[in-house]
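All ligand and atom numbering here is 1-based and tracks the order in the structure.
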Amino acid sequence: MSNCNKLGIGLAGFGTVGSGVWNTIEKNGELISDRTANGVSLRITKILVRDPAKTRATTSAVPTEILTTDWRELVNDPSVDIVVELIGGTTDAFEIIAAALLAKKPVVTGNKALLAERGIELFAISRKMETPIFFEAAIAGGIPIVKIVQDSFVGNRIHSFTGIINGTSNYILEQMTLRGIDYTTALGEAQALGYAEADPALDVNGWDAAHKAILLATLAYGFPIDPKNIHVSGIEQVRPTDIKFAKSLGYVIKLLAIVREHESGSVELRIQPSFISQKHILASVHGVFNAVSVNADAAGESLFYGRGAGQGPTASSVVADLVEAARDLAHATRHRGFLPYRETGNLVPIAETTTAYYVRFDVTDRPGTIAEIATVLAKHAIGISGTHSPVNPDNPDAEFLDMVFLLHSCPFGKLTAALTEIESLNCVNSTPVVFRIENLG
Ligand code: NAP
Ligand code: HSE
């Protein structure tokens, strides 16, 4: 370490979050020093970028000599005590973090994709090198949910998490609802606001939320989870007609992450657009905000709410981790940070998870269409709680294209079997769109 209280930071990535970390340390560096028992002083001594000539939106000038395009130079720089990885992705970011750990430099990252996809390898290096990885910024932006699970709730058995943990998709759904704008326009706004991933497909296809849910589950239940084994669906299929129909029934559509331990010890983990009651507290989570409801045996139900993405909130979590890493170095504790503590665990097969459903069919409108679909559902013993097709009041004979069914609770596997059969009916033109209807109590 360069100095007991003065910590040199190697900042890999100087985009939305990286420049937020620079700004936060510039603005609140003295406050951080005052608030830490040993007067931690954080100083960014090296910055990795792709393009050193790019103009950066920082609140103070960045000395050009500390910029580099070579990550090895950053990791190996003797002035760098802690490495912050904020470039994203799962290749170069992996190399940077692995090299930092092997050099016994603690790591702070916001990279949920990397930890969910390749965390097993990185945590093994972390364990071997007794050098921690901190990742508060990886889940729910500015909400300190990692510390809550890992520290504040360490004495609890966690029954479940129910959350909205992707700010971009929450923003898009809300803008489509409030302003009636289309999906692509809303996504463009979320990108301009710095909420979206470099690859925004991850935000809208549910995988960014899935990566975070995997990390939450691993924190709570201790075993690594292979992303290939979980069921994820995103908001790409949500249409204004779904939003309107949900509203008329007293629901809102949210991209929900459910992580729940069953009595058997198996863990249910799924991400999907869901109808939730307008009266439920999660229905009031607007725009880029996230919320995670944690149900734990001793603490009971708690709700954590805050900005889930964007420069300031994410930088707040990164800086908190930096101080934690600095404290660790200063006190020469051997190891802190999270490690999976069980090698394996079981996931509940998606086919066995049970909820009610909203299913939208693209149909050819002709006499018998509803009956044909209903007959297959009846054959599979799936109850119908409602049906709907948009009727044009000016032309009641106009053909409709969408036919919506609301279905009573049944295992997802049973629904899938029925829908496979329905899809082969002549009156059904494409794969039915399914959203869950969650009873959140
Ligand atoms: P970003 O704005 O795209 O910034 C990425 C930065 O990394 C840029 O400075 C880029 O350099 C640099 N970079 C990318 N690949 C590189 C490479 N191979 N070699 C050298 N430099 C490279 O991304 P961001 O939004 O700040 O997100 C960074 C990380 O934080 C991601 O893992 C993301 O998932 C996570 N995160 C983001 C948010 C958020 O709200 N944005 C919230 C939580 C977590 P140039 O500037 O020269 O192009
Ligand atoms: N793209 C992510 C989101 C950033 O919108 O939630 C925060 O992890």
I need the nearest protein heavy-atom contact for [atom]: residue, atom name and distance, please.
atom: atom 5 (O) of ligand 2; answer: T168 OG1, 2.6 Å
atom: atom 7 (C) of ligand 2; answer: G308 O, 3.2 Å
atom: atom 8 (O) of ligand 2; answer: K112 NZ, 2.6 Å

- Per-atom contacts, ligand 2 versus E197 - under 4.0 Å to a heavy atom: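 This gives 1 (N), 2 (C), 4 (C) as the contact atoms.
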- K46/D70 salt bridge by N-O under 4.0 Å criterion: no
- Message: Taking 4.0 Å as the limit for heavy-atom contacts, which would you say applies to D51 with ligand 1: side chain only, backbone only, both, or neither?
- Response: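 Within the 4.0 Å criterion, D51 contacts ligand 1 through backbone and side-chain atoms alike.
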- Message: Is it the case that atom CD1 in I281 sees more than 12 heavy atoms from other parts of the structure closer than 6.0 Å?
- Response: no
- Any chance NZ of K244 has more than 12 other-residue heavy atoms, nucleotides or ligands included, within less than 6.0 Å? no
Would you check the N or O atoms of [X], main chain and side chain alike, for any that come under 3.5 Å of an N or O of ligand 1?
X: Q311; answer: no
X: G18; answer: no
X: A196; answer: no
X: E85; answer: no

If the cut-off is 4.0 Å to any non-hydrogen atom of [X], which atoms of ligand 1 fall inside it?
X: G194; result: 39 (C), 40 (O), 41 (N)
X: G88; result: 31 (C), 32 (O)
X: A137; result: 43 (C), 44 (C)
X: R56; result: 9 (O), 45 (P), 46 (O), 47 (O)

- Query: So is A196 close enough to ligand 2, meaning a heavy atom under 4.0 angstrom away?
  - Reply: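 The answer is yes, since A196 has a heavy atom less than 4.0 Å from ligand 2.
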- Query: Should the proximity of D208 to ligand 2, defined as any heavy atom under 4.0 Å, be assigned to the side chain, the backbone, both, or neither?
  - Reply: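 The answer is the side chain of D208.
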- Under 4.0 Å between heavy atoms, the region of D203 that gets near ligand 2 turns out to be side chain
- Task: Indicate whether the side chain of T90 and that of E117 have a donor and an acceptor atom separated by less than 3.5 Å.
- Result: no
- Message: When you compare the side chains of R360 and T241, does any donor N or O come within less than 3.5 Å of an acceptor on the partner?
- Response: no
- Does atom 23 (O) of ligand 1 have any protein heavy atom closer than 4.0 Å? no
